[in-house]
Each structure stands twice: as structure tokens, then as C-alpha cells.
There are 2 protein chains.
Amino acid sequence: MQTIDLCQERRELILEELRRNGKVVAAELSARYSVSEDTIRRDLSELAAAKLLKRVHGGALPLTPSRGPYYERDKQHLEVKPGLSLAASRLVKDGQLILFGGGTMNAEIARNLPLDLRATAVTTSPLIALYLLEYTHVEVVMVGGHMNRRELVTCGAEATEKIRGFQADICFLGVCGVHPEVGITSTLYEEVELVRALIEQSGEVIATLTADKLGAIAPFFVASADNITHIVTEKSVPEEQLAPYRTLGIQIVRAE
Amino acid sequence: MQTIDLCQERRELILEELRRNGKVVAAELSARYSVSEDTIRRDLSELAAAKLLKRVHGGALPLTPSRGPYYERDKQHLEVKPGLSLAASRLVKDGQLILFGGGTMNAEIARNLPLDLRATAVTTSPLIALYLLEYTHVEVVMVGGHMNRRELVTCGAEATEKIRGFQADICFLGVCGVHPEVGITSTLYEEVELVRALIEQSGEVIATLTADKLGAIAPFFVASADNITHIVTEKSVPEEQLAPYRTLGIQIVRAE
DNA sequence: CACTATAATGCAAAATACCGCAAAAACACG
DNA sequence: CGTGTTTTTGCGGTATTTTGCATTATAGTG
């Protein structure tokens with residue numbers, strides 16, 4: 001049992017427990033912090049009012065407790081993805097060593113490769129690995145490590161190090177934004193080093209981008225844009241938006 | 001296992017199971033959450049009123065009958081697998097470090113764990129990794145390496161070495177046959193060393209076996225049968241067939 | 001049609017929530 | 001240091017929710 005004299009501190013601890021355990025029970029909190037259940041109830045009401053948790057009978061639950069599987073989660077860009085992924089998949093040639101980054105776009109590419117492709121493919125995503133195993137003549141190497149639940153990839157130093165052991169012909173970046181001046185950016189800090197490794201270990205570097213990712217800037221800087229050799233994007237993107245990328249020497253593939 | 005004391009929490013878990021399995025059965029839910037069927041019925045009624053599921057006699061179904069793209073490579077033993085995997089999954093406890101071998105049976109176990117399980121899980125199978133990532137409170141470690149297409153697992157020296165870096169509480173063997181005298185055998189030579197590592201690095205060693213694998217002998221010898229601590233098998237298996245395993249000190253769990 | 005499993009309904013007990021109020025503590029300020 | 005104010009807390013009383021049980025009704029099955 002702990003002594004808590006600051007009501008705010010207690011609320012922080014409640015939130016912390018909620019994050020850790022996925023739920024909090026009013027009666028347990030009352031006992032743990034040696035305060036009446038009324039006090040706990042008030043705490044929970046306040047936190048609920050601040051939209052930090054969801055109040056339920058007997059305790060509280062996180063705001064977003066349940067999500068479907070990752071590969072069903074991403075329903076965005078359903079119209080353009082097939083076209084983009086098909087165009088991107090055509091950049092692969094027999095005999096190449098291919099590196100796959102994470103993300104739903106790359107998963108889409110991985111399931112749209114030529115059926116008779118002969119190649120070796122390396123990936124950090126178990127979903128992509130499963131898709132790749134469908135190709136009889138593709139050797140699949142899965143890069144292990146601790147898995148990131150959000151992006152469905154292994155990341156961290158171990159994975160990065162493994163990637164650096166390959167000298168690949170081509171890689172498909174899972175990027176969150178590419179801006180001509182700011183460069184390649186990511187929303188996942190743990191992934192930054194891994195993406196850098198992909199870029200450095202690969203001859204061709206492919207970024208397959210829906211229109212909204214062209215010029216977008218995510219929180220974490222990865223590398224300058226001229227590290228990319230090919231951008232695959234939608235046909236609808238106006239030429240003037242693409243010009244700065246061409247200037248950087250990036251080949252543009254307009255899908256569909 | 002965590003007790004469910006919040007009504008809303010139970011309802012969310014029901015919805016989660018519904019998304020995952022495509023159906024829920026009132027009687028099973030009642031047993032799982034240790035509440036009366038009346039309570040479950042009320043839960044289902046509420047959720048149905050909120051248009052979150054479709055109420056049917058004996059349980060409930062999703063509103064959209066389309067199921068997710070879960071891999072179902074192995075259509076064998078479809079009747080007994082749910083029972084076996086459920087019985088096997090009950091051997092897992094909160095806080096454990098779990099090693100998963102390959103095989104469809106283990107995949108089935110991985111997708112039938114308690115939804116609120118807190119544990120760390122290590123696997124060589126990308127399919128199992130995907131299933132495991134569905135559990136919010138399970139840390140997933142994917143063991144990388146060259147992938148075996150047939151068994152859908154990474155194997156080889158690299159994977160074996162990684163496995164030896166863990167000291168696990170429990171492991172689920174993906175075995176092809178267990179004979180009381182011949183021992184544990186496998187049909188995949190590359191997997192032999194890896195299975196040995198699983199056994200040696202783990203306290204409890206679980207073999208989940210359909211009736212036809214009990215007493216079966218595959219080409220490659222892995223280890224003697226007494227390395228197994230628990231065999232989970234079908235209820236229909238006669239006691240005299242199990243006796244030799246009991247003599248070896250193996251605990252038998254008869255499912256269903 | 002009979003038999004079983006599941007559902008619906010009403011009810012009572014227990015747990016939990018809500019409301020108002022007052023004591024206690026913390027705080028601001030002259 | 002004293003005083004007034006605000007915040008936090010606990011308590012009593014009442015309302016609401018949740019749950020299990022008993023009873024009656026209904027659906028599924030052969």
C-alpha cells in the first residue's frame with residue numbers, strides 16, 4: 001500500500017495502471033490508495049470528462065480498447081492501391097535481392113508480384129513474409145526481433161543490424177511522407193534506423209506513395225529525398241507537384 | 001488468468017471474440033467468464049440492441065458475415081482442433097515466457113489464447129506472430145531467418161541460436177509424432193535442432209496431438225518422449241494407449 | 001408430438017453510483 | 001499569524017446497475 005497525498009498524482013497512477021492493465025477497478029483503487037470509493041469515483045469522473053478514459057460501472061476502461069487485425073484496419077486508398085502496387089511490382093526483376101519495408105502498401109506489393117518471379121526477398125513484416133511464401137521460386141528471409149504492434153514489423157537494433165548484412169538490388173520503403181526538401185520522414189521513431197539501413201543497403205530505392213504522402217512531413221526525419229531512386233504514385237498527381245522530385249534525379253512512375 | 005469484474009469489459013471481450021472467431025456461443029462465454037448464462041444473454045441482448053452483433057439462438061453472429069482473411073492451410077482435423085487448442089491454451093498463465101513451435105496446431109493455439117493474456121511470446125512462424133499480435137498485452141518476438149515454405153517457419157542455425165537465448169516457462173512443440181519408446185520425431189530435418197532447442201530452453205513442454213500422432217513415428221529423431229511434460233490429446237483416445245506416456249511422467253490432458 | 005436447450009420475465013440481493021453536506025486540508029493574502 | 005477561500009475528502013441516504021434464481025415461454029430436433 002502506498003501513501004498518496006496529491007490527488008493529481010493518484011490520477012496519474014490510475015491512468016498508468018489503466019495503460020498497463022487495460023482496466024481499473026474502483027474498489028481495488030480505493031483499497032490501494034487508502035481513500036474512499038467516492039474519491040476514486042470522482043477521480044474517474046474527472047478523467048472521463050477529460051477524455052482520458054471511459055467510465056464504466058465498477059471502474060474504467062481505455063478509450064480505444066479493441067481494434068481489428070492490422071491488415072483489415074487500413075481501409076484507406078482502396079481504389080488506388082491495386083494500381084500503385086501493380087506498377088511498383090513491375091520494377092522487380094528476376095534474380096534480384098529485394099528488401100521490403102513495412103506498411104500496408106508494401107504488403108499489397110508483395111502480393112502482386114509476378115507469379116513466376118525468381119528472387120530472394122527479405123522482410124521485417126510477418127504479413128509480407130506470408131504473402132511472399134506464395135511464390136514458389138522466391139526465397140524468403142524473415143528478419144526477426146521484437147515486434148511493433150502498430151506497424152506489424154520487427155524493428156530495433158537487432159533487425160537493423162540484420163538488414164545491413166544484405167546487399168540488395170532493390171528495396172520498397174514503407175514511408176509516411178516524402179518532401180522534396182525536408183526529405184523522407186516517418187511516424188515511427190523505432191523504424192527510422194531500419195529504413196535508413198534499407199536505403200543504404202539497396203541499389204534501387206522505391207517509394208510507393210498515395211497522393212497525400214507526396215510532400216507530406218511526418219515527425220521523424222529519416223534521410224534526404226534524393227536517396228530515393230523511384231517514386232510510384234497516382235496518375236492524378238499534377239506534373240508540377242512532381243517536378244521537384246524529378247530535379248532530384250528521382251524517376252517517377254505514374255500508375256494506372 | 002485475469003478475473004473479469006467489469007460488465008463492460010466482458011462485453012468488449014465478447015465483441016473481440018466475435019470479430020475473431022466469427023461467432024460466440026452463450027454457454028461457452030458463460031463458462032469462460034464464470035457468470036450465469038442469464039448474464040451472458042443480457043450482454044448479448046444489449047450488444048444486439050446497440051447494433052454491434054446479431055443475436056441468434058445459442059449465441060451471436062457478426063453483423064457482416066464476411067470473415068477476415070485468416071490463413072487456413074490445413075483443413076485436417078477441423079472437428080478436434082478447436083477443442084485441443086482450447087485445452088492447450090489453458091496451460092498458459094499470465095506473465096510467462098512462451099515459445100511457439102511451428103505447425104497449424106500451434107497456430108490454432110495462438111489464436112485461442114485468453115484475450116486478456118499478459119505474456120511474452122516467441123515464435124518462428126510469421127502466421128503465429130500475426131495471431132499473437134492481436135493480444136494487446138502480449139509482447140511478441142519473431143525469430144528471424146530463412147523461411148521454410150512448407151512449414152511456414154524460420155529454421156536453421158540462426159533461428160536455433162536465437163531460441164537458445166531464451167529461458168522460457170512453457171513451449172508448444174510442433175511435432176509430427178510422439179512414440180513412447182522411439183520418442184519425438186519430425187518430418188522436417190531442418191527443424192530437428194530447433195525443436196531440441198525449444199525443449200531445452202523451456203520448463204513445461206507441451207505436445208498437442210491429434211489421435212493419429214500419438215504413437216506415430218516420423219523420419220527424423222528429435223528427442224526422447226520423456227522430455228515432454230504435457231500431452232494434450234483427444235478424449236476419444238483409449239486409456240491403454242496413454243498409459244505408456246503416463247509411465248514416463250507425462251501429464252495427459254484430454255480435451256473436450 | 002415430445003423432449004431438450006435456449007429465451008424471456010419478474011424479483012430480490014448485492015454492488016455500485018449519485019447527491020448533498022460538512023469536516024479537513026491546502027492555499028492565498030493581508 | 002490569523003482569516004477567508006478553495007479544494008479535497010468522507011459520510012449518509014437514495015437511486016441505479018448488475019447479477020443469479022425461479023418460473024414460464026419458445027425454438028430447435030428427431
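- Within the structure, the salt bridge (Lys or Arg N to Asp or Glu O under 4.0 Å) test picks out the following pairs touching residues 227-251 of chain B (sequence neighbours left out): E239(B)-R246(B), E239(B)-R254(B).
- Salt-bridge check for E12(B) with K54(A): passed, with a basic side-chain N closer than 4.0 Å to an acidic carboxylate O.
- For the side-chain hydrogen bond (donor to acceptor under 3.5 Å, both in side chains) test, no residue two or more places apart in sequence or in another chain qualifies with S45(B).
- Here N106(B) pairs with nothing under the side-chain hydrogen bond (donor to acceptor under 3.5 Å, both in side chains) rule; sequence neighbours left out.
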*Which parts of nucleotides 10-17 of chain C does protein reach within less than 4.0 Å, heavy atoms only, written one letter per nucleotide 5' to 3' as B for base, S for sugar-phosphate only and - for none?*
------SB

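- Atoms OH (Y33(B)) and C1' (dT19(D)) sit 17 Å apart, rounded to a whole Å.
- Taking atom CG on L29(B) and atom C1' on dA5(C), their separation rounds to 16 Å, with Å as the unit.
- The rotation axes computed at either terminus of the helix from dC1(C)-dG30(D) to dG30(C)-dC1(D) lie 40° apart, taking five pairs at each end and rounding to 10 degrees.
- The separation between E46(B) atom CD and dT17(D) atom P is 10 Å, rounded to whole Å.
- dT8(D) atom C1' lies 8 Å from atom CZ of R10(A), rounded to whole Å.
- Taking side-chain N and O atoms only, T39(B) has a distance below 4.0 Å to OP1 or OP2 of dG20(D).
- The ring pair (Phe, Tyr, Trp, His ring centres under 6.0 Å) pairs that include a residue from residues 99-122 of chain B are F100(B)-F172(B), where partners are two or more places apart or lie in different chains.
- Sorted by first and then second residue, the ring pair (Phe, Tyr, Trp, His ring centres under 6.0 Å) pairs with a member in residues 225-256 of chain B form an empty list; sequence neighbours excluded.
- Judged as a side-chain hydrogen bond (donor to acceptor under 3.5 Å, both in side chains), and not counting sequence neighbours, Q241(B) has no contacts.
- For F220(B), the ring-ring contact (aromatic ring centres under 6.0 Å, His included) criterion is met by Y189(B), not counting sequence neighbours.
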